[in-house]
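Scroll down for the structure; my scribbles are underneath it.
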Amino acid sequence: MDRMYRVMAFWTGIFAVLFFVGDMFNIALLFFAQTGALLALSYLNLSERTYIYIFGAYLTIFFIGFTYYSTFLLVPSFGGH
C-alpha cells in the first residue's frame with residue numbers, strides 16, 4: 001500500500017509541475033504540498049488499514065472542499081473572459 005502512495009505522489013507531482021508551467025501558482029503550490037505529504041506518508045510503513053483510513057479522510061476533505069468551492073465561490077461562465 002505504501003507504493004500506491006508513492007504512485008499518487010508521482011502523479012500529484014506531475015500535475016504540480018504542469019500547473020506551475022501553466023502559470024497557475026496557487027494550485028501548483030497545493031499540489032506540491034500534496035506531493036510532499038503523500039511521499040512522507042509512503043515512507044512511514046503504516047498498516048494497510050491505516051493507509052485506507054488516511055485515504056478516506058483525504059477524499060472526504062477533498063469532496064467537502066470541492067463542494068464548498070463549486071457551490072459558493074465558483075462564478076459560472078461560458079468560455080468568455
Do [X] and [Y] share a hydrophobic cluster (ILVMFWY, side-chain heavy atoms under 4.5 Å, transitive)?
X	Y	answer
L29	M24	no
F31	F10	no
F15	V17	no
L30	M8	no
I61	I54	no

Q.
I want to check something: taking the side chain as every heavy atom from C-beta on, are D2 and L41 in contact at a cut-off of under 4.5 Å?
A.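 D2 vs L41: side chains apart.
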Q.
Would you say that M1 contacts T50 through its side chain, given a criterion of any heavy-atom pair below 4.5 Å between the two side chains?
A.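 They are not in side-chain contact.
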Q. side-chain contact (heavy atoms from CB on, under 4.5 Å) with F25: which residues, sequence neighbours excluded?
A.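 Checked F25 against side-chain contact (heavy atoms from CB on, under 4.5 Å); matches are F20, D23.
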(Q) Just to verify, what does L74 make a side-chain contact (heavy atoms from CB on, under 4.5 Å) with, not counting sequence neighbours? (A)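 L74 satisfies side-chain contact (heavy atoms from CB on, under 4.5 Å) with Y69 only.
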Would a distance-only check, ignoring hydrogens and angles, find a side-chain to backbone donor-acceptor pair under 3.5 Å from [X] to [Y]?
X	Y	value
S42	R6	no
T12	A9	yes
S70	T67	yes

Q: Report the distance from atom CD1 of I52 to atom CG of L46, rounding to the nearest 0.5 Å.
A: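 The distance works out to 12.0 Å.
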Q | Non-hydrogen atoms of A16 and A28 that approach each other most closely | A |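 That closest heavy-atom pairing would be O-CB, 3.6 Å.
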Q: Measure up the Y51 and Y5 rings against each other and bin them: parallel (under 30°), tilted (30 to 60°), perpendicular (over 60°).
A: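 Rings of Y51 and Y5: tilted, 30 to 60°.
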Q.
Taking ring pair (Phe, Tyr, Trp, His ring centres under 6.0 Å) as the definition, give me every residue that meets it alongside F62, ordered by chain and number, with sequence neighbours left out.
A.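 In terms of ring pair (Phe, Tyr, Trp, His ring centres under 6.0 Å), with neighbours along the sequence ignored, F62 is linked to F66.
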Q. Should we count CZ of F55 as having more than 12 external heavy atoms under 6.0 Å?
A.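 No - once you tally the heavy atoms of other residues, nucleotides and ligands closer than 6.0 Å, there are 12 at most.
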